[in-house]
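What follows is one structure encoded as structure tokens, with my remarks underneath.
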Protein chains: 2
Amino acid sequence: MKKSTIKDVAREANVSIATVSRVLNDTGKGYSDKTKQHVMQTIERMGYFPNAIARGLINNESGTIGVLFPAVSGMVSAELLHGIEAAAQAFGKSVIVCNTLSDPDKTEHYLQLLYEKQVEGVIFANERLTSDFQKMVKQMAVPFVTLAGTSEIEGIPEVKVNDQQASYDATQYLIKHGHSQLAMVSGPPHDSIAGTPRIEGFKHALADANSPCKATQISWNQAFNFEDGKHAFRSIMAHHPETTAIFAASDEMAAGVISEAHAQGICIPNDLSIIGYDNTKLAMMTVPALTTVSQEFDTMGYRAAELLCHSIMGKDIKSLNLKHKIIERESVSKH
Amino acid sequence: MKKSTIKDVAREANVSIATVSRVLNDTGKGYSDKTKQHVMQTIERMGYFPNAIARGLINNESGTIGVLFPAVSGMVSAELLHGIEAAAQAFGKSVIVCNTLSDPDKTEHYLQLLYEKQVEGVIFANERLTSDFQKMVKQMAVPFVTLAGTSEIEGIPEVKVNDQQASYDATQYLIKHGHSQLAMVSGPPHDSIAGTPRIEGFKHALADANSPCKATQISWNQAFNFEDGKHAFRSIMAHHPETTAIFAASDEMAAGVISEAHAQGICIPNDLSIIGYDNTKLAMMTVPALTTVSQEFDTMGYRAAELLCHSIMGKDIKSLNLKHKIIERESVSKH
DNA sequence: CCTTATAGAGTAAACGTTTACTTTATTTTA
DNA sequence: TAAAATAAAGTAAACGTTTACTCTATAAGG
């Protein structure tokens, strides 16, 4: 059963395809009420739906945006994507997802693909948009937005929280609650998203509290995940058994710390306080529930896609810093 | 700077567009080596990329598949999607994601959208494909696959684990380790995916162990999440304080049980054993780490998309039951 | 050396829409 | 009541490709 086209409808309804098209697009001109009814009925009866590809070709718009993630596994990406999709939907756009695995070749390949598919804009999520892609980005000539990431390329708006400030606040929160022996667990310090800025925030807060940060107070690892949190915490305890409070660069790492602390018989928050980062669902599930810095990923995703759509419609847009806040739960002792 | 088209390339290279097209598609016929080189160079120099929309129109293929999720937030969807994208990529297809929010109207709307976008296949994930959509599905005339869900519509392959069997095994695992006072926490019992089959598996295992299941041994709630797990567990403890082992219909619920147990001073696994379901990342992060039934979501997603792509290529395909297994961690005491 | 096959390359139709332009019929205006 | 304005509907070009078909020149065959 072949799909019916506008031609089929026109033939069935005894009108020209132009008329069908006009009715379809509800132009309000070019047909009488009677024909409109008639055409609509015919369309209904035949189960006709317009071919978006043909439409796209002539209107030069695909109704599609592309989203690049290192990997859409994990809570963070999932929530970002959820927000993105919601906004896109509100603007009548569809979302194509791509997993770059942080591989530049794959990324380049996906950009080409999206280019060929005539996407109207691209969201670059959770990763640094390096100047390697400058040429491609320029050539594509559609708006880009980075989401929970940064851009080396000039003129690309970023949607994110101010990581350094948020980390500063998290650290200060620990200090304010009476802690002076702090440590931090992090992923790679040169990670320009979750690494450097959070570490800087931590250091600054310490400096401002007159207890400059020693290198050994920061323990880092390959990634920002659970296992790395465990390992990092072990090494903290090896070097600084006096530590009473920890800032973890992600909730997953914090969960690792909690788990390892439990294994070592360290009681949270009595012996050790910990604050996380992200406020993923995980944070409320740990025992004790994790006090953490909230990034509202769903909202972030929404705002990024919204921004992108505005840009597609020709408005000019600028970077957006979303507010962070500290979600107080039970993992930090209050003196 | 307008995008260059095949015409521009043809003009620049002093050949016809047919020649360019042939070179582009590497047909092997219709051009000499010399022209090929020349055309390729021109393409490179101009930074030309073919317009997939125009291609799609004439070839009648969009290179796109659609994926419908109730919501892509949450670990499970994220991993499924990750697998889907990987397989799609391997088959040269792009993935459009849609969040139906389990709303039939939205679902219908998305199906229409995907139809108009000429997707070559659809994955219906994490949800029951009800006969409400039968008409639309038939009309779309492209392959469908359900993923981690079931279909009321005839002839649609399903990719999932055998939930009932897996639940049976999980329950039996508890029994085998010496537990006789079992209870289950679940979401809505009429949920045809995570509800009914898992409950049935639980009941059967109990029956086969000669301790038929009383209604109060199963506590259920609105959803399958953390809070619901907590509540369900409270009500279990109210009715059956003698319970020594719990089967949770999801890891999140299990986390809720763990959290609530901790609050009540119940020690896991000494006082109470618990087995979860899903083996999301969460399972290894709880304290103690959660013994659980593994569904390999990433693989499931991959296999579903793979199956779909095979179907698109005309092979005929059939439902796939992925193997489950029990991942032993620390939340079940062994006697 | 003439016929026939063959390879290289061009022409134009087709894919399913939208839309500017045109035609025809009807209504308004004077 | 004729001219002008308006509304309804049709015609055909265009969007950027692919591809069947055609044409030309060169190579092969006798």
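Quick note: numbers below take in every heavy atom, side chains included, and nothing from hydrogens, waters or symmetry partners. So you know, we letter chains A, B, ... as the sequences are listed, proteins then strands, and number each from 1.
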Sugar-phosphate atoms are those with a prime plus P, OP1 and OP2; base atoms are the rest. Using that split, label each nucleotide of nucleotides 5-12 of chain D B, S or - for protein heavy atoms under 4.0 Å, 5' to 3'. ---SBBB-
When you check the side-chain N and O atoms of [X] and [Y], is any donor under 3.5 Å from an acceptor?
X	Y	value
A:T27	A:R22	no
A:S62	A:Q118	no
B:S94	A:K117	yes
A:E158	A:S151	no

Backbone of A:D105 reached by a side-chain donor or acceptor of A:D103 within 3.5 Å: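 Between the backbone of A:D105 and the side chain of A:D103 there is a qualifying donor-acceptor contact (under 3.5 Å).
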Between the axis at one end of the helix from C:dC1-D:dG30 to C:dA30-D:dT1 and the axis at the other (five pairs apiece), what's the angle to 10 degrees?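 End-to-end axis angle for the helix from C:dC1-D:dG30 to C:dA30-D:dT1: 40°, rounded to 10°.
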Pull out every protein N or O sitting under 3.5 Å from an N or O of nucleotides 23-27 of chain C, one pair per line with the distance.
none

Sub-4.0 Å heavy-atom contacts from residues 108-119 of chain A onto DNA chain C, ordered by number: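 Those residues whose heavy atoms fall under 4.0 Å from DNA chain C, taken from residues 108-119 of chain A, amount to none.
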Below 4.0 angstrom, N of the basic side chain to O of the carboxylate: do A:K36 and A:D33 qualify?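 Salt bridge flag = no for A:D33 with A:K36.
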Can you check the B:K7 NZ to C:dT11 P distance for me, whole Å?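 The distance from NZ of B:K7 to P of C:dT11 comes to 13 Å, rounded to the nearest Å.
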Within this structure, what is the OG1-CG distance for the pair B:T64 and B:L114, rounded to the nearest 0.5 Å?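 The CG atom of B:L114 is 9.5 Å from OG1 of B:T64, to the nearest 0.5 Å.
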Pull out every residue in residues 49-63 of chain A that has a heavy atom closer than 4.0 Å to any atom of DNA chain D, ordered by number, or say none.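 Result for residues 49-63 of chain A: A:L57, A:I58, sorted by number.
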Please list, for nucleotides 26-28 of chain D, all pairs of protein and nucleotide N/O atoms separated by less than 3.5 Å.
none

